[in-house]
Amino acid sequence: MRLSHLFFAFLFLAFTACRKSEGITTDAKAKLSFSTDTLLFDTVFTAAGSTNKRIRVYNPNVKTVNISEIKLGGGASSNFSLIINGQSVNQKSNLQIDGKDSISIYVKATIDANNQTEPFIAQDSIVFNTNGNRQSVALIAYGQNAVFLNNQTITSNTTWNSALPYIIYKSVTVAPQTTLTILPGTKVLFHENSGMNIKGKLLATGTATNPVLFSGDRMEGMYAEEPGQWHGIHFYSSSSNSKLHYTQIKNAVIGVTVDSLSTNNTPKLVLTNSIIKNMTIAGLAGYNAELDAFNNLFYNAGQYLLYGVSGGRYNLKQNTFAGYNTKLSRRTPCLYFSDAGSGYPSKNLKILLVNNIIWGSLTEEFLVDKKSTAAIETELSNNAIKTMLKTYEGSFNLLNIDPGFIDPIKYNFLLQNNSAVLHKGRDLSADPAFNLFLNKDLNNGPRTFPSELGCYQHN
């Protein structure tokens with residue numbers, strides 16, 4: 001009897017083993033699914049490494065799948081390590097997951113935050129090869145403590161301070177009727193393809209010595225001035241009364257986008273004493289937008305420093321628009337305005353430009369392009385403009401007279417001692433913005449009239 005029981009038990013085990021083997025799918029359409037597409041680490045990392053984080057790997061198929069290979073894309077040099085089935089490995093072959101079942105993989109990140117040779121951000125991926133399908137889960141770790149926001153919407157009034165940098169992954173949105181206040185010295189750093197959406201109010205207020213920084217999150221030297229690392233800041237139609245004062249906005253696709261007029265008696269955006277640089281497309285793009293801009297420096301954009309279409313209202317005073325590009329080839333003027341725009345309706349356009357420098361490496365650096373029957377109203381006085389058009393002669397504008405930057409190729413836009421734009425500015429002491437902004441220059445030095453043109457007063 002015992003022998004027969006053992007015989008049938010042996011047959012059962014052999015049969016089930018055969019069934020299990022036969023149940024492994026080789027279908028090229030059989031793919032895995034994961035608990036997340038990106039595993040994020042946002043704590044302080046030391047040589048001892050981070051705490052372990054878990055990812056679940058699911059087999060949604062009826063049959064068993066055989067994962068021919070699981071590995072770290074960076075191999076042995078990766079800042080990450082894996083624990084699979086209790087083993088610390090960088091690679092594992094022929095791991096099976098039963099149908100409708102899952103496994104856990106644990107990941108550890110090791111970054112010495114005090115080692116200056118370590119990247120501020122470490123990236124890798126776990127690669128899965130199954131029946132010829134290559135799938136991956138991204139791994140991202142930051143080399144210092146930070147406040148991390150992943151596709152987050154801010155729905156109550158919030159203040160950010162300079163204690164820790166803010167790392168944005170995917171996006172951060174300020175909801176309508178909500179204010180985000182950003183204090184001096186705060187760093188807001190954006191991961192690749194991420195951005196900031198303002199549907200409420202943004203008040204980013206830095207100082208001359210402690211500006212607010214908006215930039216990409218790659219801190220290695222090769223990325224310090226590299227354009228196109230993040231999308232930019234977008235002010236939507238529901239936004240109102242936003243202010244950017246003493247900010248630095250750099251290395252994005254479009255630094256600032258404003259897509260509508262103000263809904264009240266105050267400008268939708270007031271941009272003051274800020275530096276906007278290194279954009280693959282534009283420093284600022286406006287679509288029937290309303291903008292007050294004083295004492296700002298714009299430079300190095302692939303297409304436009306300021307692009308305003310579909311009408312709008314622009315009040316620009318004491319700004320320097322310097323169209324010099326060392327990384328990007330540009331064929332369009334620094335400043336471009338139109339009453340119409342591709343895909344946008346025609347609207348009335350009003351432009352007020354006083355005491356600005358609009359200069360660069362092209363023959364034509366300023367263009368107002370009338371394309372419809374909408375009204376265009378322009379008032380330009382006391383500007384230095386590089387243009388072949390005679391339209392703007394008079395009103396104390398200086399046409400095609402080099403402003404005399406100290407070293408534009410090295411992006412030093414202070415004025416030489418013999419600059420032609422010294423003491424050529426219109427007296428703005430009666431301007432409504434004088435006491436708040438125009439009485440000092442970008443370096444927070446006192447402005448006296450007749451002032452210099454542009455954002456810098458000459459010492």
Side-chain angles (χ1 to χ4, degrees), residues 227-228 232-235 249 252-261 268-269 271 274 276-293 296-317 319-325 328-381 383-393 397 399-400 403 453-455:
I233 306 171
H234 190 144
F235 293 87
I249 305 171
V253 177
I254 299 176
V256 177
T257 300
V258 184
D259 69 8
S260 53
L261 293 173
K268 179 175 286 288
L269 173 64
L271 175 68
S274 293
I276 300 180
K277 62 179 182 175
N278 305 337
M279 307 298 169
T280 50
I281 296 179
L284 188 145
Y287 302 90
N288 193 33
E290 184 160 12
L291 170 70
D292 280 7
N296 301 293
L297 171 62
F298 290 74
Y299 67 91
N300 196 24
Q303 295 184 32
Y304 306 95
L305 295 179
L306 197 158
Y307 175 79
V309 297
S310 190
R313 295 192 290 268
Y314 295 88
N315 178 12
L316 312 176
K317 294 167 183 169
N319 301 285
T320 296
F321 299 96
Y324 293 90
N325 303 56
L328 301 165
S329 178
R330 179 176 58 90
R331 298 181 180 180
T332 47
C334 287
L335 269 64
Y336 176 87
F337 297 96
S338 180
D339 53 348
S342 179
Y344 292 88
S346 301
K347 299 285 186 179
N348 294 339
L349 174 63
K350 184 176 182 179
I351 306 169
L352 174 61
L353 280 84
V354 181
N355 294 1
N356 301 282
I357 297 174
I358 305 168
W359 199 259
S361 56
L362 302 184
T363 302
E364 194 62 60
E365 293 290 11
F366 179 72
L367 181 61
V368 178
D369 192 6
K370 184 171 178 57
K371 293 185 174 182
S372 75
T373 58
I376 296 181
E377 180 183 348
T378 60
E379 181 184 341
L380 279 70
S381 72
N383 301 284
I385 308 173
K386 192 173 184 182
T387 176
M388 298 305 294
L389 301 174
K390 303 299 183 181
T391 311
Y392 307 112
E393 287 183 336
N397 292 309
L399 303 188
N400 301 311
L453 304 186
C455 61

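The only option from Leu305, Val309, Leu306 that meets the side-chain contact (heavy atoms from CB on, under 4.5 Å) definition with Tyr336 turns out to be Val309.
The side-chain hydrogen bond (donor to acceptor under 3.5 Å, both in side chains) search around Asn288 returns none, not counting sequence neighbours. Thr280 is linked by a side-chain hydrogen bond (donor to acceptor under 3.5 Å, both in side chains) to nothing, counting only residues two or more places apart in sequence or in another chain. With sequence neighbours excluded, the residues satisfying side-chain contact (heavy atoms from CB on, under 4.5 Å) with Ser361 are Arg330. In this view, Asp259 and His234, Tyr236, Ser237 satisfy the side-chain contact (heavy atoms from CB on, under 4.5 Å) rule, not counting sequence neighbours. Remark: Lys347 pairs with no residue by the salt bridge (charged side-chain N to carboxylate O under 4.0 Å, His left out) rule, at least two apart or across chains. Partners of Ser381 by side-chain hydrogen bond (donor to acceptor under 3.5 Å, both in side chains), not counting sequence neighbours, listed by chain and number: Arg426. Partners of Lys317 under the salt bridge (charged side-chain N to carboxylate O under 4.0 Å, His left out) rule, at least two apart in sequence or in another chain, are Asp431. Not counting sequence neighbours, the partners of Ser372 by the side-chain contact (heavy atoms from CB on, under 4.5 Å) test are Asp339, Ser346, Ala374. Contacts of Asn348 classified as side-chain hydrogen bond (donor to acceptor under 3.5 Å, both in side chains), with partners at least two apart in sequence or in another chain: none. Residues satisfying the salt bridge (charged side-chain N to carboxylate O under 4.0 Å, His left out) test with Lys371, not counting sequence neighbours, are Asp369. Legend: residues meeting side-chain contact (heavy atoms from CB on, under 4.5 Å) with Ala289, ordered by chain and number and at least two apart, are Val258, Tyr314.
The side-chain heavy atoms of Leu284 and Met279, taken from C-beta on, include no pair separated by under 4.5 Å. Within the 4.5 Å cutoff, the side chain of Val256 has no heavy atoms near those of the Leu291 side chain. Contact annotation: the side chain of Ile358 approaches that of Leu353 to within less than 4.5 Å [non-hydrogen atoms, C-beta and beyond]. Looking at Leu349 and Val368, their side chains come closer than 4.5 Å, going by heavy atoms from C-beta outward.
With values rounded to the nearest 0.5 angstrom, Cys334 atom SG is found 7.0 Å from Leu362 atom CG. The OG1 atom of Thr320 lies 10.5 Å from the CG atom of Asn355; values are rounded to the nearest 0.5 Å. Rounding to the nearest 0.5 Å gives a distance of 4.0 Å between CG of Leu271 and CG of Asn296. Interatomic distance, Asn356 CG to Asn383 CG, rounded to the nearest 0.5 Å: 5.0 Å. Summarising the geometry, atom OG1 belonging to Thr391 is positioned 12.0 Å from atom CE belonging to Met388; distances are rounded to the nearest 0.5 Å.
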Pair up each side-chain donor or acceptor in residues 297-304 with any protein partner under 3.5 Å, not counting sequence neighbours, and list the distances.
{"from": "Asn300", "atom 1": "ND2", "to": "Asn278", "atom 2": "OD1", "distance (Å)": "2.7"}

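Looking only at distances, no side-chain donor or acceptor of Glu290 sits under 3.5 Å from a matching main-chain atom of Arg313. Put simply, the side chain of Lys386 gets close to the backbone of Gly360: a donor and an acceptor are under 3.5 Å apart.
Residues Phe366 and Tyr392 place their aromatic rings such that the two centres sit under 6.0 Å apart.
What you find for Asn319 and Ala293 is that their closest heavy atoms are ND2-O, 2.9 Å.
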